[in-house]
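Data first, discussion second: the structure below is written as structure tokens.
Here is how names work: the chains are called A, B, and so on, in the same order as the sequence lines, proteins then strands, and each is numbered from 1.
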Amino acid sequence: MSMIWPIFKREFTAYFATPLAYVFIVIFLFAMGAFTFFIGHFYENGIADLSVFFGYHPWLYLFLVPAISMRLWAEERHSGTMELLLTLPVPLWATVLGKYLAAWTFIGIALALTFPIWLTVNFLGSPDNGVILAGYIGSFLMAGGYLAIGAAISSATDNQVIAFVVSVVVCFLFTISGAPLVLDFFRAWAPLPVITAISSFSFLTHFIAISSGVIDVRDIIFFFSLTVLFLSVNVVLIDLRKAS
Amino acid sequence: MFSLWADVPLATRSCDLNVMIEIEGLTKRFGPITAVAGIDLTVSKGEVLGFLGPNGAGKSTTMKMVTGFLAPTSGRVRVLGHDVTTETIAAQQAIGYLPEGAPAYGDMTPRQFLLFIAAVRGFRGHQAKARVAAAVGNTELDPVLDQPIETLSKGFKRRVGLAQAILHDPPVLIMDEPTDGLDPNQKHSVRTLIRAMSPEKAIIVSTHLLEEVAAICSRAVVIDRGRVVADGTPADLLRRSRHHNAVTLVLPSSRAETARTKLKSMNKVASVEQIARQNDLIELTAFPNPGAMLIEDVSAIAVAEKWDVRELYAEAGRLDDVFRALTTHDATRARENRA
């Protein structure tokens, strides 16, 4: 465990050593605000809750999280620091976890900086703050899921653009796997258990369940196990590249 | 009784405390291309092994496998008795590694970077600071300690990589072209540092600078197409050169023909080569028959015959002769790989 900390710290400070962190946070907050107020008609709805706000999170993460995850490994490979990092006496899983946690914490900070909208809704009415808290928890877990997918994909290439595009596509499939568009495609030929399995991978379904205020252990386990799965894929992909 | 040891395979003999790196049958294939084709080497404490070979001969690939960055296709590497494939962390703790091109995080300053390395290597607080200070002192990084690494000159970047490698005072030091891109002064100080560290460590240095081998290495290993083609002291290698014990003399062109005929007639001389120099001077090089020493005889004749010699010297040998004779041209290799 003590090995994770230096890796985490280096990765986390790297965000703030370049304009990346500030640009990302500004765009993140601006996009969140724009969608909530202008497209989601937050004021006009006249409802004291943040469901409109949270409703846009999966779609924003779809592009913003791969923008963070694309550099996670691809940049190390491209600049040659991968060789340095992997010859330091740190177990590979600890390096993978340290870098992942740094990126997740960074996204968490960006998410926490949306707090003015929480203040706004409390000033305007009396929302159920428990539901809002659940929404934030769900959003953070979902971001972690997207990030793990993006990290695994980033470890397979040294090209950040490829990492970004492939991550967006894979994240998109996970987001909409519960939607009729996807399910109809399978319904024609796949047996029911397969269809149920595919629809259960939907980020949207699980996120909507949590953000409606019902923190079901199964939804949490979903995001958690998906993250663990993709971080394991991340470790395996790096190991495979070692042996190639 | 005494012959018992001879029957024991090399691998089980590592109780010899001085053997620090053992490489057995190390092989790496990338698809159809064999980059490293069965290398066997042991490196002991106190040795500075110069790894020589043309670009693409497999030097870097071998080093990447020794340090655990690449997994071998077959064969194994042990560092201080730890198998790099199965006990990677224990082996990596014993190794200081300067990868090719000295990669470092460009957005960090050398101080931040070295503190990061110290933390990963398990040093905390004062101990970490002391380690960083020692490494910085040895590599003369003080003036740039707080500038982002990406803004540093090539020489400083290389030394940041070097500082990172020696920070934990490792028993095994592996450096891929440590003096590449350094000016002669910087090269000299890096070589002095390597020599100073060598008694307590096993060091592998890859290079294609032949003078570096002569300057710092106690042993030279030449690899070509993934195989070891020569292994010996730099002096051993020089003995294989056709210039070994060759005698060169410079004299006015009017005497050249006489001198040339005279030299050719000596039994110790195998052949004579002639190069025209400026100012009406001629350079003659007499190559000896194997094992013969020429310098005394040649100088005696030159004095006796009053050749008006301007320069006269014998050579220990030229490493680039040996290098060219032992290794293949990169275009030839590429053609063979394709075939």
Could you go through the side chain to side chain contact (heavy atoms under 4.5 Å, CB included) check for A:Y15 and B:D107 one step at a time? CA-CA 10 Å; A:Y15 287 106; B:D107 51 42; over 6 Å; no
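- Annotation: side chain of B:F116 is not in contact with side chain of A:T13 (no heavy-atom distance under 4.5 Å).
- Surrounding CZ of A:F16 are more than 12 heavy atoms belonging to other residues, nucleotides or ligands, all under 6.0 Å away.
- No more than 12 heavy-atom neighbours from other residues, nucleotides or ligands sit within 6.0 angstrom of CZ on B:R29.
- Both the backbone and the side chain of A:A243 come within less than 4.5 Å of a heavy atom of chain B.
- Dense packing is recorded around NZ of A:K242, with more than 12 heavy atoms of other residues, nucleotides or ligands lying under 6.0 Å away.
- Side-chain polar atoms of A:E75 and B:Y105 form no donor-acceptor pair below 3.5 angstrom.
- With values rounded to the nearest 0.5 angstrom, A:R10 atom CZ is found 5.5 Å from B:M108 atom CE.
- The neighbour count for A:F201 CZ, taken as heavy atoms of other residues, nucleotides or ligands under 6.0 Å away, does not exceed 12.
- Within 6.0 Å of CZ on B:R124 lie more than 12 heavy atoms contributed by other residues, nucleotides or ligands.
- For chain A, no part of B:I95 is nearby; none of its heavy atoms comes within less than 4.5 Å.
- At least one side-chain heavy atom of A:L88 sits under 4.5 Å from a side-chain heavy atom of B:R121.
- Residue B:I117 holds its CD1 atom at 4.5 Å from CG of A:L84, rounded to the nearest 0.5 Å.
- The side-chain heavy atoms of A:E83 and B:Y97, taken from C-beta on, include a pair separated by under 4.5 Å.
- Residues B:I89 and A:V90 form no side-chain contact, since every pair of their non-hydrogen atoms from C-beta on lies 4.5 Å or further apart.
- For a residue to count as touching a neighbouring chain, one of its non-hydrogen atoms must lie under 4.5 Å from one of that chain's; by this rule A:T87 touches chain B with backbone and side chain alike.
- The two residues B:Q93 and A:P89 come nearest to each other via the heavy atoms CG-CB, 3.5 Å.
- For B:Q112, no part lies under 4.5 angstrom from a heavy atom of chain A.
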